[in-house]
Number of protein chains: 2
Amino acid sequence: MRWTLDEVEARALAVLRAAGASAAQAGPVARSIRAAERDGMRSHGLLYLPIYVEHLTCGKVDGQAEPRLTQPRAGAIAVDAAHGFAHPAIDLGLPRLIEAARQVGIAALTLRRSYNCGLLGHHAEQIAGAGLIGLCFTHAPASISPVGGKVPVIGTNPFALAVPDGQGGARFVIDQSASVVAKSEVLLRARQGKPIPEGWALDAEGQPTTDAEAGLKGSMLPAGGVKGFGIGLMVEVLASALAGAEPSRTASPFSGPVGGPPATGQCFIAIDPAAHADGFTDRIAALAEAITVQQDARLPGARRRAARIRTEAEGVELDEALMARLRLQKN
Amino acid sequence: MRWTLDEVEARALAVLRAAGASAAQAGPVARSIRAAERDGMRSHGLLYLPIYVEHLTCGKVDGQAEPRLTQPRAGAIAVDAAHGFAHPAIDLGLPRLIEAARQVGIAALTLRRSYNCGLLGHHAEQIAGAGLIGLCFTHAPASISPVGGKVPVIGTNPFALAVPDGQGGARFVIDQSASVVAKSEVLLRARQGKPIPEGWALDAEGQPTTDAEAGLKGSMLPAGGVKGFGIGLMVEVLASALAGAEPSRTASPFSGPVGGPPATGQCFIAIDPAAHADGFTDRIAALAEAITVQQDARLPGARRRAARIRTEAEGVELDEALMARLRLQKN
């Protein structure tokens, strides 16, 4: 059965509201589900809804939370998400971040007592939509050990960069985690009783493993070894330590009902290219073209963009089994 | 023969001055050579001096350049290095960057018509020394192709992050390039007529190669595949496109006398942790400890720190052959 994106958002909103989220909390999350389905990132679309509902029910997310914004300096905005969803807190902070970056040339927004913010690239893209470079960081419960160690210290800690195209959109969007693969890939194999390829994870003793269950009890391997760990550590410094959030090491899991609010954080930086040199848009267009002219090379985010064009015209397919599992009905 | 670090710096200064650099241009470069030798990074120490001298002589670097600073916004500082060395331009910009970040909470310094800035981590560390987070980006002539392509679009484009320890120093410093190994490693093998391991480089047709010469004509592989390319692309956006520098694709090489000034760029971001949340220093100390307590795991930059303690006490060893090759004498 085909659903329009409007139907996806409306349904997500209704489900979140029924699970106890206020309109202010549920609205931004429902829009994020729409955006994920639009871009073909179904794991963060309607499939995520049961987790949101579980977390509203068990108290990991406070559905009545009211995020609070302060601006201690002209270029520093801090939002306390108050154990609510990340999205409404981000929606509160982004307009002020954009205004500050235009005025000052650059600004940073940090969020604490926050939660999984879904697809990081979408937040970066919002900043690019305002004509600014968006550089975003978010952390997650620990799953990556330092190279040589066996105790996870950082999460799969992604960063995202969205680069404005000078026409109200992003020329390209980088959105990548610090690990070789997403943890959900290992989780999926564990559920299916399948092995994982070598190079994805280590067991609890820090040894390479192809056993998905052992990998979940151990740690995810960083992409590019020590360099991937370096990227994840940068993200930890900005999204957790700078923001004043719970460290990845002690944050409660993003899945399951145990441990109370994760209280993780985000850091979003916006930079106004016009503050530094003329001609930014032309330089970005030429850089992007140097990649796209090469056969088999593609711009970061190209797959999401292609899915977006398709689903905006055609909607998304939801089969009856999936709808039943999600306990969804059209309207 | 042992040299003190004072002797290293004095000798480097004399050599640069004799090659035509003004005191203002030579001083900061000589100090960077001292800092590289101090940290055991000899490739950027006295060994680099002949390249600096060659570039002063052939006109890749203007030894009389006078960098110029503008501050278009409260948090945006732009320095035109005027085809001189990068170091004096950075020395001009850093105090203003630090002042702006303290005032505004965050600030960005970009440099254009610049040059190879040596060890990026040292610049980040200067920012951390002022109690701010230093996040630095510099780009280089193109050597990495996009995944799936065969024409280099970005350089080995490193980034560095230095995190203040609350006592006037850095708790740790990340400094890493986007490629699996430094290009100099392939150059070294090519000179020695030795093969390179698979996974370091591609030939000009985009195929894996163990032939060092073929690798130099092709491209360096990014660390972690598409994720390493993403990191290098982020650096390109900030250090080149934002700064208004020559793109990596068209910048002249950092070695050899051909092509005129490279005119590359840098972007340094400074963030005041005190603008966001209390307790940053404690959170960083705990994060660092979670790494150092693990046997065989180490903090980024630990090797440089160990070398620093050693050479500050003992000086550095320069054998006669090396001194002859560098045409150096001890005063």
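All values below were derived from every heavy atom in this structure, side-chain atoms included, with hydrogens, water molecules and symmetry-related copies excluded. Every chain is numbered from 1, with letters handed out A, B, ... down the list of sequences.
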Given that the side chain runs from C-beta out, which part of [X] has a heavy atom under 4.5 Å from chain B: side chain, backbone, both or neither?
| X | value |
| --- | --- |
| A:Ala101 | backbone |
| A:Gln71 | neither |
| A:Ala286 | both |
| A:Val163 | side chain |
| A:Arg171 | neither |
| A:Ser240 | backbone |
| A:Leu161 | side chain |
| A:Ile133 | side chain |
| A:Ala243 | backbone |

If you round to the nearest 0.5 Å, how far is [atom2] of [Y] from [atom1] of [X]?
| X | Y | atom1 | atom2 | value |
| --- | --- | --- | --- | --- |
| B:Ile174 | A:Lys227 | CD1 | NZ | 12.5 Å |
| A:Leu233 | B:Leu299 | CG | CG | 8.0 Å |
| A:Ser145 | B:Asp296 | OG | CG | 12.5 Å |
| B:Leu238 | A:Ile271 | CG | CD1 | 5.0 Å |

- Query: Does the pair B:Arg73 and A:Val104 meet the rule for a side-chain contact (heavy atoms from CB on, under 4.5 Å), with working shown?
  - Reply: CA-CA 5 Å; B:Arg73 311 261 178 96; A:Val104 173; 5.6 Å; no
Among [options], which residue forms the greatest number of heavy-atom pairs with chain A at distances under 4.5 Å?
| options | answer |
| --- | --- |
| B:Val237, B:Ile269, B:Val147, B:Asp282 | B:Val237 |
| B:Pro72, B:Gly225, B:Ala76 | B:Ala76 |
| B:Ala245, B:Cys267, B:Gly230 | B:Gly230 |

Within a strict 4.5 Å, meaning less than it, do heavy atoms of the [X] and [Y] side chains meet?
| X | Y | result |
| --- | --- | --- |
| B:Leu287 | A:Arg249 | yes |
| A:Val151 | B:Val293 | no |
| B:Gln294 | A:Val153 | yes |

Would you mind telling me which of [options] has the largest number of heavy-atom pairs within less than 4.5 Å of chain B?
| options | result |
| --- | --- |
| A:Pro300, A:Pro146, A:Ala78 | A:Pro146 |
| A:Pro247, A:Ala223, A:Gly75 | A:Gly75 |
| A:Gly228, A:Ser177, A:Pro222, A:Gly279 | A:Ser177 |
| A:Ala241, A:Pro273, A:Ala274, A:Gly224 | A:Ala241 |

- Query: Got a donor-acceptor contact below 3.5 angstrom from the A:Arg298 side chain to the B:Gly148 backbone?
  - Reply: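 Not confirmed, A:Arg298 side chain does not pair with B:Gly148 backbone.
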- side-chain contact (heavy atoms from CB on, under 4.5 Å) between B:Arg283 and A:Leu242, intermediate numbers included: CA-CA 9 Å; B:Arg283 283 190 293 281; A:Leu242 176 67; over 6 Å; no
- Using the side-chain contact (heavy atoms from CB on, under 4.5 Å) rule, take A:Leu135 and B:Met234 through it: C-alpha gap first, then chi angles, then the decisive distance, then the call. CA-CA 9 Å; A:Leu135 185 55; B:Met234 167 179 71; 3.7 Å; yes
- Taking all atoms of both residues into account, what is the closest heavy-atom pair of A:His276 and B:Arg112, and its distance?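 Nearest pair, atom of A:His276 first, then B:Arg112: O-NH1, 4.4 Å.
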- Item | Verdict with supporting geometry, B:Gln176 and A:Ile231, side-chain contact (heavy atoms from CB on, under 4.5 Å) | CA-CA 9 Å; B:Gln176 59 186 55; A:Ile231 298 295; 3.8 Å; yes
